[in-house]
> 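One structure follows; several queries about it will come next.
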Amino acid sequence: MTVYGYLRVSTDKQDCDNQKIGITDLAQKLGLSIENWIVDDGVSGTKEPEKRKLGKLLKTIRSGDVIICSELSRLGRKLFMIISILEHCMKVGAKVLTVKDGYELGDNVQSKVLAFAFGLVAELEREMISKRTKEALQRRKANGKVLGRPRGKKNARHIWNGKEKKIVSLLNQGHCKTKVARLTGMSVGSIYSFLEQK
């Protein structure tokens, strides 16, 4: 079993010291000794764990290991991120202890209840995002915005501008599509696209 102290701190040294004191005190109360300090110094909690030292820690932890941090928000600022980190630790069999929140997440009833709660929150948040997206689309539609991809190729339409009559005239004169393309300075594909749009 390895006990890790995880710190994610701003450039404020006092914040770092306070977190370290809290983690050390909790470890001593539980009869644990911090063997390894992992410090993400001046790194935003919105960054994915893989882009922080936390990511390396998550790859190395094993069953029975313990991570102690000041509070859950030190692991990340996004709810989904925290959930995925805790889920990974629970799958591996590692414990996560927090000083301020007083959480002990591992193979126990509290963890299972929290995991259920986190899962429920995640599902609710997905539904809310979906609802907000639908409402935004309805507003745009009500304001006269055309939803979805426009029909036809926009760039092709732009190429035809001002050339439609000439294309039709040349085709009516019996010229082949290759010659029409050459005479109008367009590609053969554009001529075919033009005919499809008519």
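As the structure is a computational prediction, the values presented were derived from the model and not from experiment. For the numbers below, each heavy atom of this structure counts, side chains included, while hydrogens, waters and symmetry mates do not.
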> How long is the straight-line distance from CD1 of Ile67 back to CG of Asn36, given to the nearest 0.5 Å?
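Separation between the atoms: 11.0 Å.
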
> Looking only at heavy atoms, which two atoms of Lys166 and Leu183 are closest? And how far apart?
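Taking every non-hydrogen atom into account, NZ-O, 3.5 Å.
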
> With the side chain counted from C-beta on, respond yes when Leu105 and Cys89 share a heavy-atom pair under 4.5 Å apart, and no when they do not.
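No, every pair of side-chain atoms sits at 4.5 Å or beyond.
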
> With side-chain contact (heavy atoms from CB on, under 4.5 Å) as the criterion, how do Arg8 and Leu54 come out once you've worked through the C-alpha distance, each side chain's angles and the decisive distance to 0.1 Å?
CA-CA 9 Å; Arg8 183 178 60 76; Leu54 176 61; over 6 Å; no

> Is the shortest side-chain heavy-atom distance between Leu72 and Leu86 below 4.5 Å?
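Yes; the side chains approach each other to less than 4.5 Å.
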
> Give me the atom names and distance for the closest heavy-atom approach of Arg77 to Thr46.
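Minimum heavy-atom contact is CB-CG2, 3.9 Å.
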
> Is there a side-chain contact between Lys177 and Leu171, using heavy atoms and a 4.5 Å cut-off?
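Answer yes - side chains close enough.
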
> Specify the closest pair of heavy atoms between Leu75 and Met81, including all atoms of both residues, with the distance to one decimal.
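That closest heavy-atom pairing would be O-SD, 4.3 Å.
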
> Starting from Leu30, can I reach Val99 by hopping between I/L/V/M/F/W/Y residues whose side chains sit under 4.5 Å apart?
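Yes, because Val99 and Leu30 connect within a single hydrophobic cluster, where side-chain heavy atoms sit under 4.5 Å apart.
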
> Give the minimum heavy-atom separation between Gly5 and Ile34, together with the two atoms involved.
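Heavy-atom minimum between the residues: N-CG2, 3.7 Å.
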
> From Asp101 CG over to Arg74 CZ, what is the distance, rounded to the nearest 0.5 angstrom?
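The CG atom of Asp101 sits 10.5 Å away from the CZ atom of Arg74.
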
> Hydrophobic clustering (ILVMFWY, side-chain heavy atoms < 4.5 Å, transitive) - are Ile21 and Val39 grouped together?
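Looking at the clustering, Ile21 is in a separate group from Val39.
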
> Can you name the nearest heavy-atom pair linking Tyr6 to Ile23, along with the distance?
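For Tyr6 versus Ile23, the nearest heavy atoms are O-CD1, 3.5 Å.
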
> First locate atom CD1 of Ile191, then atom SG of Cys176, and finally report the distance between them rounded to the nearest 0.5 Å.
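It comes to 10.5 Å.
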
> Tell me, please, which residues at least two apart from Ser130 pass side-chain contact (heavy atoms from CB on, under 4.5 Å).
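Lys134.
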
> Considering all heavy atoms of both residues, which atom of Val66 and which atom of Met1 are nearest to each other, and what is their separation?
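Closest approach of Val66 to Met1: CG2-SD, 4.1 Å.
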
> I need the Glu48 CD to Ser84 OG distance, nearest 0.5 Å.
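With rounding to 0.5 Å, CD (Glu48) is 7.5 Å from OG (Ser84).
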
> Per the salt bridge (Lys or Arg N to Asp or Glu O under 4.0 Å) rule, what does the pair list look like for residues 55-71, sequence neighbours excluded?
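Residue pairs passing salt bridge (Lys or Arg N to Asp or Glu O under 4.0 Å), neighbours aside: Glu71-Lys100.
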
> Return the set of residues passing side-chain contact (heavy atoms from CB on, under 4.5 Å) with Thr60 (not counting sequence neighbours), or none when no residue passes.
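With neighbours one apart ignored, the set is Tyr4, Leu57.
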
> Just wondering, do His88 and Ile61 contact through their side chains at under 4.5 Å, heavy atoms?
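They are in contact (side-chain heavy atoms under 4.5 Å apart), so the answer is yes.
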
> Taking atom CD of Gln19 and atom CD1 of Ile68, what is their separation to the nearest 0.5 Å?
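Between atom CD of Gln19 and atom CD1 of Ile68 there are 13.0 Å.
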
> Dump the intermediate steps for side chain to side chain donor-acceptor pair (under 3.5 Å) on Ser169 and Gln173, then the final yes or no.
CA-CA 6 Å; Ser169 173; Gln173 290 171 30; 3.1 Å; yes

> How far does NZ of Lys95 sit from OG of Ser63, to the nearest 0.5 angstrom?
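Separation between the atoms: 10.5 Å.
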
> With a 4.5 Å heavy-atom cut-off, do Thr24 and Gln28 have their side chains touching?
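Sidechains of Gln28 and Thr24: in contact.
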
> Within a strict 4.5 Å, meaning less than it, do heavy atoms of the Met186 and Ile167 side chains meet?
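Answer yes - side chains close enough.
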
